[in-house]
Structures are given as structure tokens and as C-alpha cells.
Amino acid sequence: MLALFYAFISQAHGRSFMPIAGTKVAQKVDSLYSFLLVISVISCVLVIGGLIYFALKYRRKTADDKTAYISHNNTLEFLWSFIPFVLFIVVFAWGWLIYRDMRSFPDDALEIHVLGKKWNWDYQYKSGKRTTAELTVPVGVPVKLIMTSQDVIHSFFIPSFRIKQDVVPGRYTALWFEAEKQGRYQIFCTEYCGDQHSAMLGTLNVVSLEEYETWLGDNPYKGLSLAEVGQKVFSQKCTVCHNVNDQRKVGPGFAGLYQKQRQFADGSQAVADENYIRDSILMPQKQVVEGYPPNGMISFQGQLAENELLGLIEYIKTLK
Amino acid sequence: MAVTTPESEHNYLNHEKGLWSWLTTLDHKRIGIMYMVSVMFFFLLGGIFALLIRTELAAPGPGILGDGQTYNQAMTFHGAIMVFMVIIPGIPAFLGNFVLPLHLGAKDVAFPRLNLLSWYCLMVGALITFTSLIYNGSDTGWTFYTPYSIEHASSGTVWVVLGAFVMGFSSILTGLNFIVTTHTLRAPGMSFFRMPLFVWGLYSTAIIQVLATPVLAITLLLLAAERLLGIGFFDPALGGDPVLFQHFFWFYSHPAVYIMILPAMGVISELITAFSRKTIFGYRAIAFSSLGIAAVSFFVWGHHMYVSGQSELAGVIFSFLTMLVGVPTAIKTFNWVATLYKGSIVFQSPMLFALGFLFLFTIGGVTGIMLATLAMDVHFHDTYFVVAHFHYVMVGGTLMAIMGGIYYWFPKMFGKMYSEGMARMSFVFIFTGFNVTFFPQFVLGAMGMPRRYFDYLEIYTHLNQVSTAGSYMIGIGFVIGLVTIIQGMMNGEKASDNPWGAKTLEWQTASPPPHENFNYEPQVTAGPYEYR
Amino acid sequence: MAHVIPAKSYFNVLMVLFVLTVLTVLVARPVSGIDLGIFSDAIAFLIATVKATFVAAIFMGLKYQKKLHTVCLVSGVFFLLLLFLVSKIDIASRVLEQSTL
Amino acid sequence: MSTGSVSSTEHHHAHHFNSAEHEFDASMLGIWLFLCTEILMFGGLFVAFFIYHAKYPEVFAAGAATLDWKLGALNTIILLISSYTMAMGIHSCQTNKGKKAFNYLAVTFVCGLGFMVIKAIEYSGKIGHGFLPGKFFHPHDATFEAANQALYYSFYFMMTGLHGLHVIIGMGLIAWVAIRAKRGDFSSKFYTPVEGVGLFWHLVDLVWIYLFPLLYLVG
């Protein structure tokens with residue numbers, strides 16, 4: 001029993017288990033959560049305490065105890081219906097207020113587009129800059145994420161900001177936050193989306209405004225050779241499904257792929273040259289290697305700049 | 001007034017002999033026992049999947065289940081088996097079938113042949129669901145959310161969907177049977193307010209079963225058509241709306257969770273009164289709460305969809321209505337605790353499970369209110385907080401009630417007593433194991449660990465290890481329970497007609513009861529809990 | 001057993017149903033020249049509901065049977081309306097974001 | 001016993017009921033509950049129809065235009081007649097005219113058959129034009145500007161298909177009940193199966209009463 005009681009108290013400090021609140025909205029959620037925790041612990045102690053007390057106090061003494069024939073008590077019954085009702089309505093209203101804040105998007109928010117797809121997050125800024133997995137935003141500036149999915153339903157979740165929103169294919173959904181402190185925050189996908197659902201992670205990198213400006217302006221591949229550009233793009237976008245050795249992960253391993261004979265599901269064959277690699281990236285369903293599911297890979301059409309695509313091809317050619 | 005039948009060996013168990021007499025029986029008691037065997041078998045199967053999942057999650061990184069695909073299949077089958085084959089048929093079909101006619105003083109349910117058909121629907125549906133394993137199973141989760149369940153999922157999904165479709169009919173027909181039985185086959189003198197509260201629980205459950213399950217039937221039919229014909233209702237690529245699928249799915253699935261809990265509440269009312277030998281506190285409050293919960297349960301499904309792309313207005317409406325459905329649930333809990341006041345309480349194993357139910361269901365209830373709150377659910381949705389909540393109300397609620405109900409009606413079902421010591425030991429293991437498994441998951445959820453994750457971050461490791469250890473304790477607890485039941489059935493010593501001294505009608509007849517339940521015309525002159 | 005309904009009333013109901021069917025066709029089909037625009041849909045369903053109540057009340061004998069049977073029929077329709085209305089509220093009040101790229 | 005044909009096998013009510021009347025009431029409630037589940041099941045399709053009709057009005061307008069409303073109207077008339085003859089069939093059983101009941105039930109069966117024949121004609125017409133549901137939709141001659149025009153035909157085939165299936169089930173039940181009526185199983189004392197099948201058939205007609213304007217008339 002003591003272990004449980006301790007667990008109760010630790011749950012009361014549950015807030016401390018939650019990641020540190022990174023936005024004002026998150027702090028409001030935490031205060032509501034504390035209020036809910038306190039009510040819950042009190043009502044649990046009342047009900048369970050009462051239960052244990054009655055159970056011990058009214059233990060059966062003799063075989064033919066006479067028990068009181070109490071059928072009901074209107075005032076008591078009214079009280080324990082009305083008080084929970086009032087408490088629930090208070091909690092409902094409070095929750096609604098905070099939900100209002102979460103759903104009212106500031107007009108001057110910095111808009112970033114999020115594309116969820118099977119097992120990775122892609123971000124695109126108004127300036128055309130694209131990144132994968134890591135989302136960089138300035139601190140203290142309201143950011144509005146306009147999100148959609150390329151295949152199935154995903155869900156963009158930042159625990160430290162207490163916000164979450166499903167990313168539904170075929171339409172746009174939105175989420176907003178204003179980070180208060182710089183730092184790196186964890187991003188999860190919380191709507192079940194298949195094999196690598198648990199690998200669909202991202203990090204939110206909150207930096208100062210100046211850092212953000214310089215980061216936005218510079219070219220991430222400045223001074224890198226084509227193969228090094230390819231290696232950087234590969235590590236961001238492809239490692240979820242492909243290995244650099246020849247081990248199969250979700251897709252085939254790429255070690256020694258270049259100039260190798262490829263046997264396709266429809267019986268045809270081809271040598272893996274530059275065009276084959278390019279087509280496999282932009283139109284994966286066209287030639288599916290034997291033993292792999294038909295619509296396993298999603299097309300990267302329109303998501304890779306020309307230098308990134310050429311870099312990828314060069315990099316894959318170097319893999320032995 | 002109760003005429004104890006002469007010590008003739010004639011009862012429903014040896015009325016006819018041989019497997020064929022069981023497979024073609026029309027006796028509600030035998031059908032109840034057949035449901036018991038099937039539900040316990042499926043429960044063990046689902047339990048094995050649960051232990052596989054917990055063993056996998058003992059440590060980050062691939063473990064016993066190897067890769068994401070296998071883990072997702074284990075998670076899907078754990079969900080599908082436990083929901084469709086164990087917890088929805090569980091109390092209504094097993095305990096309900098056996099006890100309802102006895103509680104009403106009737107000779108059988110209204111439509112015995114339909115009752116047998118319900119059992120066959122469950123078994124055929126289960127068979128169809130398991131044929132999906134031949135087509136490399138299904139990894140969509142028991143919720144079949146589109147568009148994942150349409151294009152990408154493995155080809156076994158259609159079988160699981162059609163299996164659930166067939167099992168739905170078992171639920172509809174049982175519900176239909178119980179409504180007609182309750183309306184037409186009550187013993188003379190038994191008005192609606194002299195019925196035991198277990199019958200009230202089954203009656204309100206039956207209403208939900210009849211009104212909600214057909215919508216699941218059409219939803220699953222459309223999902224199967226979506227996969228086979230590409231009809232484009234729920235497929236965004238063809239202009240469909242996946243959120244509409246969620247509306248259709250949860251329109252059934254939330255009332256379904258009340259199909260799971262209302263009969264459990266009925267069992268608890270029986271156990272608390274019998275083992276504190278005291279009349280129930282607030283009979284009408286509990287009876288009307290059951291009906292109230294059944295009615296309001298149809299208005300609240302959207303609290304599963306706060307962050308799914310549903311509009312804010314709909315979210316607010318659903319959040320408010322979910323608070324309303326919380327009130328009658330709270331009323332019932334307070335009534336049970338009040339029943340203990342000034343009682344004469346004895347701690348036999350059914351009572352231990354009833355008290356365990358109250359303990360766990362209260363925690364489940366308060367966390368339910370947290371999840372119903374809009375702002376909290378945005379953080380908690382699809383994290384382990386939700387997993388912990390629904391296990392507290394499902395395992396802590398319905399399974400505790402099933403175990404309590406089995407031990408309570410065991411002497412009436414088999415005419416023998418189970419071993420009290422082993423039953424208590426199984427309770428201790430299940431209760432502590434349960435808290436050790438699922439309480440840390442509340443904290444994991446608060447920390448943001450998402451649900452259905454094959455692999456998790458380092459910071460979640462410690463609590464997951466604690467949770468896995470707890471799950472083994474639960475496993476041991478249920479194995480002890482199974483051994484207790486089998487050992488009791490085999491060579492438990494003879495039980496009297498009314499070992500617990502309870503007042504409801506089933507204890508006035510013999511244990512095990514004769515084929516036609518009562519050897520006399522039962523007359524009801526007073527309420528079900530007349531402990532003076 | 002249940003109240004025996006005179007054969008005559010069955011025949012009358014059939015005639016009424018025929019008339020209503022013709023009326024439905026006239027109302028909803030522009031070929032008949034009467035084009036009520038958006039009202040034509042609503043009226044077509046209104047007439048269908050009238051026909052349905054005739055079939056339920058007389059042919060199915062609900063008029064003479066226990067209230068509970070009517071409750072069964074109506075509760076089915078009620079919960080369908082509930083599902084439709086709330087899904088409609090959700091779909092209608094959704095704030096559809098647009099891409100601003 | 002009234003003068004009508006004495007039923008060869010005197011029906012005795014099941015052991016767990018007190019009387020035949022008691023059993024009849026229970027069966028009626030049971031059948032009405034089953035009809036409620038049928039309404040809910042068809043209703044799911046109607047709800048989806050209204051939601052998508054509001055979302056893609058042009059798809060439904062174009063689709064409805066390709067349907068032949070005269071066949072729909074004819075089917076409605078046929079089903080109404082079959083409902084009438086079904087009701088008269090029950091009426092004859094209630095008044096101990098078992099043989100007459102057989103004739104009425106036979107006419108109902110034929111009407112059902114007629115309905116299915118017209119349905120078959122319509123379906124073959126659709127298949128001929130390539131208006132098939134979902135991914136099988138490949139219109140030969142007609143051109144549609146909506147991308148998801150197949151949605152309308154998915155609805156059309158799902159709704160009329162499910163309804164047609166229930167008509168066939170109904171016809172099977174009517175045949176079984178007609179044979180028993182001919183054998184004289186029913187009398188004013190016992191006609192539950194006929195009443196049950198009748199209620200089911202009226203419900204099938206009820207669903208068509210709504211399906212007809214929905215699919216054929218409403219643009």
C-alpha cells in the first residue's frame with residue numbers, strides 16, 4: 001500500500017515528470033494539470049480511503065450480524081451528484097479556455113510548412129529552404145506550422161510545448177507555438193503510421209533571431225563536394241529505410257549497388273546506372289526490385305533540389 | 001419459501017451427455033459455459049500477445065519481436081482479440097447468459113436458438129480473424145484507421161475486418177435476446193424495480209449493443225469495400241475523408257466501452273451487497289445511472305478525436321457531453337462505497353475483486369476526466385497516459401468484475417467450491433502486478449511517450465522496465481486464477497445451494513441448477529437485496 | 001394475437017402510396033415542368049417520409065401494436081440523425097487551412 | 001376452432017413461455033429490435049451519402065443524370081404492390097385462409113423477382129457503360145469532369161447492392177413461409193413466422209421508398 005501511496009504523491013508531482021514547459025500555453029496547461037491532479041488525489045483518497053475504512057470498520061463479527069437497512073439518502077445523493085458535476089464543468093471550462101489559445105493563430109506568425117510522410121518530417125520555409133527532421137525556429141516569435149501528409153495520417157507532437165495535431169493527407173491542418181527558451185525539443189509522430197512509426201522523430205531547434213536569420217540565409221552545402229552533399233542528404237532523408245551496407249532494412253542496402261544487375265518484380269532486369277538511381281528516387285513504383293512490396297517507397301518528386309539529387313546519386317555510387 | 005430440491009443428481013450439466021449435446025444445446029446455462037471456455041481461451045491468447053509486447057518494451061531497441069512490423073502485428077492482435085473476443089462478449093455472453101434467466105426467475109432466454117447462433121457467430125468470426133495470419137496478419141491497430149488500413153497495411157487486414165464484422169452479430173443478437181428476455185420473461189411479481197442490478201446492467205448494455213453495433217457493421221463493410229473495390233469513401237486520394245471514418249468508427253467504439261463496463265458494474269453491485277450482507281444504497285440511483293450512461297454514451301464519441309482534425313466547435317461539444325457522462329459513473333462509485341457503511345463485510349475472493357474494482361476504477365475514472373478536458377487531451381492523446389487510463393477501466397474494471405463474477409457464481413455453475421486460498425493469491429498477484437504495470441504508464445504518458453511505439457527514447461527506459469516486471473506478475477496472477485478454476489471444476493468439494501447467503505433468485509434453486517432452472521414457480525414479493 | 005386490420009384499409013393505403021409516388025416523381029423531376037429548385041429535394045424526402053409512416057403504421061401495424069415497437073423504430077432513426085448532425089457540425093465548422101507557399 | 005383450415009400440426013408454444021400469446025409478443029419485440037438494427041445499418045450508408053452529397057454536389061448531379069428514373073419508379077410501384085400483397089397474405093393467415101395466403105405470398109414473391117429483374121437490367125446497363133464502383137470505373141462513351149465521379153457509383157452499387165441482397169433474403173423467407181402456409185401451418189392461433197417475414201419485407205420496401213428519391217430523383 002505504501003508503494004502505491006508514494007506513487008500517488010509522485011503522480012501529484014507528475015508535472016515534474018513532464019518535460020519543462022517551453023511556452024506560455026504549456027505553462028497554462030501545467031497549472032490546469034496540477035489542479036486536476038490535486039482534485040484527483042483528493043477524490044481518490046476520499047473514495048479509496050472511505051472504502052478501506054468502511055471495509056475494516058464493518059468487518060463481519062458474528063455469523064448472523066444484522067445490517068442496517070438503509071435504502072437511500074436524498075440529500076447525500078444530491079450532494080455527490082452536484083459537486084462532481086460542478087467540478088467537471090469548471091474543469092471543462094478551464095480546458096476550453098486554454099484550448100481556445102491553442103486554436104487561435106496569431107496573424108503575424110512565421111509560417112513554416114510541414115510535410116509528414118512515411119517515417120520522416122520535411123519542413124519548407126517561405127524562402128524555399130527545405131530541411132528534414134530538424135526544424136529550426138527563432139525564439140520569442142510565434143510560429144505557425146501548416147501541415148499535410150503525403151500518404152497516411154501522422155501526428156506532430158511537441159511534448160515540451162504540450163501541443164499535438166494530426167497531419168491528415170488531402171488537407172492542411174495547423175499548429176502554432178511561441179517558444180520562450182532556446183534549446184532543442186523532441187518531436188514525435190503520435191498517430192500510428194506503420195513499421196517505422198517509432199523512428200519518425202524530429203527535433204525542434206529554437207535559436208536566437210540572429211542565428212535564425214544567418215541559418216536561413218546560408219547554404220547548408222557551402223564548400224561541400226557533390227558526394228558530401230549526397231551524404232548529408234542521405235543521412236537526413238534516407239537512413240530511416242536504407243542502410244549504407246548491403247543489409248536490407250525497409251528498403252535494400254546500397255553497398256555495391258552501382259553497376260549491379262537488378263531483377264525486378266515484373267521479371268525485367270536492368271543495370272543500376274545513374275538514370276536507374278534517379279528514377280528509383282523520383283518514381284519508385286516504376287521499377288520495384290523483386291521481393292519488395294509494390295508501394296513500399298514514396299516518391300521524392302519535387303522535394304529534392306537538383307544539387308541534392310545529383311549529390312545523392314554521386315554518394316550512392318561511392319558506396320562499396 | 002425456498003424449496004430445496006431433493007438430492008437427485010439431475011442437473012443441467014448431466015442432463016445430456018457428449019460433445020454434440022453441448023454444441024447443439026439450447027440451454028442458456030450451457031451456452032454460458034461454452035462462452036466461458038471460448039472467452040478464457042481468447043483471453044490467454046490476447047495475454048500472450050500482451051506479454052510479448054511488454055517483453056519487447058522492456059528495453060529500447062529491437063528485442064524479442066525483432067522489428068517494427070512484427071511488433072505492430074502483436075499490438076494489433078492484442079487489441080483486436082481483447083476487444084472483440086474477450087471484453088465485449090465477456091460478461092454479457094458468459095456471466096449474463098448463465099445468470100440473467102436465473103435472476104429473472106425464467107426458464108431460459110427468449111430466443112434459445114438465436115442464443116446458440118450468437119456463440120457460433122463469435123467462433124466463426126474468430127476463425128476468420130485468425131485466417132488473416134495466413135496472409136501475413138494485419139498491422140493496422142484494432143482501430144483500422146484509414147488511409148493506412150487501406151493501402152499500406154498487409155493483406156490480412158480484410159480478414160480481420162470481416163472477422164470483426166461477423167463477431168459484431170454475436171453482440172447484436174445477444175443484446176436483442178436480453179432486451180426481449182428482460183421485458184417478457186420476468187417472474188410474476190418482479191417489477192422492473194425488483195430486478196437485481198446485474199439485470200439492469202445487462203439491460204442497458206443490451207440497448208447499446210443493439211443500437212451501436214450495426215453502425216460498426218456498416219463501417220467495417222465499407223472499409224472492406226474500400227480495400228477491395230476502392231470506393232473512395234475514406235480514402236483521401238479518392239476524395240474521401242479519413243476523419244469521417246473516425247466518426248463512424250468511434251460512434252460504435254465509445255458506446256462499446258460502455259458495453260464493457262456496464263455489465264461489470266452490474267456484477268459489482270451483486271458482489272458488494274452479497275459480501276457486506278447489506279441492501280444496496282440508492283437502488284434507483286444505480287439503475288437509472290445505468291440507463292443514463294447507456295443513453296449519454298452515444299453523444300460523446302468525439303473525445304477520441306480532439307486532435308484528429310475535427311473542428312474546435314465539435315471538440316467543445318464532445319468535451320462538455322463527456323463531462324456529463326462522468327457524473328452517473330461517479331454516482332455509482334459513491335453508492336457502492338456507501339453500501340459498505342454499516343454492513344457486515346467478509347473478505348472472500350469475490351469481495352476482494354469487487355474492492356479491487358472500486359480501487360482501480362476510481363483511478364481510471366479520475367484520469368478519464370483529465371482526458372475529457374480539451375487542453376489536457378491535446379498533450380495526452382495517443383500517449384501512454386491513454387493506454388494506462390483504458391487499462392485501468394478495462395482490466396481494473398471489467399476483468400476484475402469477470403474474475404469476481406466467476407468466483408461468485410462458481411458454486412452455482414458447477415456445484416463445487418474453488419480453493420479460496422488460491423483465488424486470493426491470484427487476486428494479490430493481479431492487483432499488485434496491475435498497479436506496478438500501469439501506474440508508471442501514467443507517468444510515461446505525462447512525459448510524452450507516444451503509444452504503439454516499437455522503440456523509445458532512453459529517458460523512458462526505467463519506467464518501462466518496471467511496467468514489464470508488473471506485466472509478468474499479472475500473467476502469473478491470471479495463470480493461478482485459471483488453475484484455481486480448473487482445479488475447482490475437477491475436484492472442488494460439493495457446494496451448498498446458497499454458500500454466500502445471497503438473496504437473489506438464483507440462490508434459491510439448486511447448485512448446479514436443474515435443466516429448467518427452477519423446480520417450482522418462483523414468486524417475487526420483495527426487492528433483490530432484502531438483508532434485514 | 002395482434003389486432004386484425006381490415007383488408008379494406010390495406011387497399012386504401014396502397015392507393016395513397018401510389019398517389020404519393022406519382023407526386024414524388026412530379027415534384028422532383030424537371031420533366032414535369034414544376035421545378036422548385038432546392039425545395040424539390042426537401043419535398044421529395046418529406047413525401048417519402050409520409051409514405052414511410054403509412055407503410056409503418058398500417059402495413060406493419062405499428063398503429064395497433066405496443067408503444068415499445070414504435071420506440072424501437074424511432075430510436076434507430078434518432079441515433080442515425082445524431083451521427084449525421086454531429087458529423088455535419090464537425091465538417092461544417094472546420095477551419096480549412098491553406099498552403100501559403 | 002374457427003371454420004378455416006385446421007392446421008395439420010397444432011403449434012405448441014416453447015416450454016419457457018407461458019402461452020402462445022406470450023411467445024408471440026416476445027417474437028414481435030425481437031423482430032422489431034432486429035428491424036431497428038437493419039435501419040441503423042442502412043442508415044450508415046444514408047449518412048455517408050448526405051455528407052458526400054453536400055461535399056461533391058456536381059458528382060451526384062452528373063451521376064443521377066445517368067440513372068433511368070422510370071425504372072426506379074416502376075420498381076417503387078412493384079415494391080409497393082408486393083407490400084400490399086404481403087400484408088394481405090398476413091391478413092389471410094390471421095383469418096384462417098391459409099390457401100389464400102399462399103396466393104398472396106406467391107404474388108409477393110413474383111413482385112420481388114420482378115424487382116430483381118429490373119435491377120439486373122439496370123446493372124447490366126451500368127456495366128455496359130463502364131459505370132462501375134471505385135477503381136473499376138472506366139466510362140467508355142460518357143465523359144465526366146469530376147475526378148472522383150466513381151464515388152457516385154460506389155454509393156449507387158453499395159446501397160442498391162445491399163438493398164438487393166435484402167430483397168433476395170426476403171424472397172427466400174417468403175418462399176419458405178408460403179410453403180408452410182400452403183401446408184396449413186398457420187391459423188389465427190399461430191402466424192408469427194408470416195408476421196415476422198412480413199415486417200422484414202415491409203422494412204425492405206421502406207428502405208427503397210427512401211432510396212428511390214435519393215438516388216434517382218435528387219440531382
Side-chain angles (χ1 to χ4, degrees), chain B residues 26-28 101 106-114 168-169 172-173 175-181 183-185 188 206-207 209-222 225-235 237-241 244-245 247-248 251-252 515-517 521, chain D residues 13-19 21-52 54-56 58-60 132-137 146-159 161-162 165 192 196:
Chain B
L26 296 181
D27 175 5
H28 68 98
K107 296 189 178 61
D108 205 320
V109 283
F111 309 114
R113 283 189 294 260
L114 207 64
F169 284 102
I172 295 175
L173 298 178
L176 187 145
N177 226 328
F178 283 0
I179 291 178
V180 178
T181 309
H183 271 281
T184 60
L185 288 176
I207 291 172
Q209 282 176 316
V210 165
L211 287 178
T213 321
V215 177
L216 176 77
I218 193 67
T219 310
L220 293 177
L221 212 61
L222 289 178
E226 190 78 58
R227 275 187 71 91
L228 300 173
L229 310 171
I231 52 175
F233 284 18
F234 306 124
D235 184 354
L238 304 169
D241 180 4
L244 185 65
F245 172 83
H247 274 299
F248 271 54
F251 181 80
Y252 161 73
H515 178 64
E516 56 290 343
N517 291 352
E521 276 306 313
Chain D
H13 54 78
H15 75 285
H16 57 284
F17 286 106
N18 311 335
S19 67
E21 178 80 20
H22 187 206
E23 183 179 49
F24 177 79
D25 291 342
S27 317
M28 281 306 110
L29 180 56
I31 290 162
W32 273 105
L33 283 168
F34 177 69
L35 297 187
C36 178
T37 61
E38 287 286 345
I39 289 171
L40 277 158
M41 185 152 144
F42 274 102
L45 278 172
F46 279 87
V47 169
F49 184 93
F50 284 120
I51 285 177
Y52 282 114
K55 198 170 179 185
Y56 302 105
E58 72 292 348
V59 162
F60 286 80
L132 287 158
K135 55 188 179 197
F136 302 104
F137 177 71
N148 55 358
Q149 182 57 41
L151 185 66
Y152 179 81
Y153 294 100
S154 307
F155 268 112
Y156 174 76
F157 277 100
M158 282 300 289
M159 292 171 123
L162 196 62
L165 179 71
T192 317

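Lettering follows sequence order; numbering is per chain, from 1.
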Side chain / backbone / both / neither for [X] at chain D, heavy atoms under 4.5 Å:
| X | result |
| --- | --- |
| Phe248(B) | side chain |
| Leu229(B) | both |
| His247(B) | neither |
| Leu216(B) | neither |
| Ala225(B) | side chain |

State, to 0.1 Å, how close [X] and [Y] come at their nearest heavy-atom pair, and which atoms those are.
| X | Y | answer |
| --- | --- | --- |
| Cys36(D) | Leu211(B) | SG-CD2, 3.6 Å |
| Gly239(B) | Lys55(D) | O-NZ, 4.0 Å |
| Ala110(B) | His16(D) | O-NE2, 2.9 Å |
| Leu185(B) | His22(D) | CD2-CE1, 3.5 Å |
| Leu151(D) | Ile231(B) | CD1-O, 3.7 Å |
| Phe233(B) | Leu45(D) | CE2-CD2, 4.3 Å |

Can you tell which part of [X] gets under 4.5 Å to a heavy atom of chain B, answering side chain, backbone, both or neither?
| X | result |
| --- | --- |
| Phe155(D) | both |
| Phe34(D) | both |
| Ile51(D) | side chain |
| Leu132(D) | neither |

- Item | Single hit among Leu173(B), Ile207(B), Leu176(B) for side chain to side chain contact (heavy atoms under 4.5 Å, CB included) with Leu33(D) |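 Checked Leu173(B), Ile207(B), Leu176(B) against Leu33(D); only one passes side chain to side chain contact (heavy atoms under 4.5 Å, CB included): Leu176(B).
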- Query: Rounded to the nearest 0.5 Å, how far does CG of Asn18(D) lie from NZ of Lys107(B)?
  - Reply: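 So the NZ of Lys107(B) and the CG of Asn18(D) are separated by 6.5 Å.
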- Just give me the residue among Thr213(B), Asn517(B), Val215(B), Val210(B) that pairs up with chain D most often, heavy atom to heavy atom, under 4.5 Å.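 Most heavy-atom pairs within the cutoff with chain D belong to Val210(B).
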- Do the non-hydrogen side-chain atoms of Leu40(D) and Ile218(B) ever get within less than 4.5 Å of each other?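 The answer is no; the side chains never approach within 4.5 Å.
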- Taking the side chain from Tyr52(D) and the backbone from Asp241(B), do they hold a donor-acceptor pair closer than 3.5 Å?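 Yes, because the side chain of Tyr52(D) sits within donor-acceptor range (under 3.5 Å) of the backbone of Asp241(B).
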Contact winner vs chain B - [options], heavy-atom pairs under 4.5 Å:
| options | value |
| --- | --- |
| Glu23(D), Lys135(D), Glu38(D) | Lys135(D) |
| Ser27(D), Ala26(D), Ala14(D) | Ala26(D) |
| Pro133(D), Gly44(D), Ala147(D) | Gly44(D) |

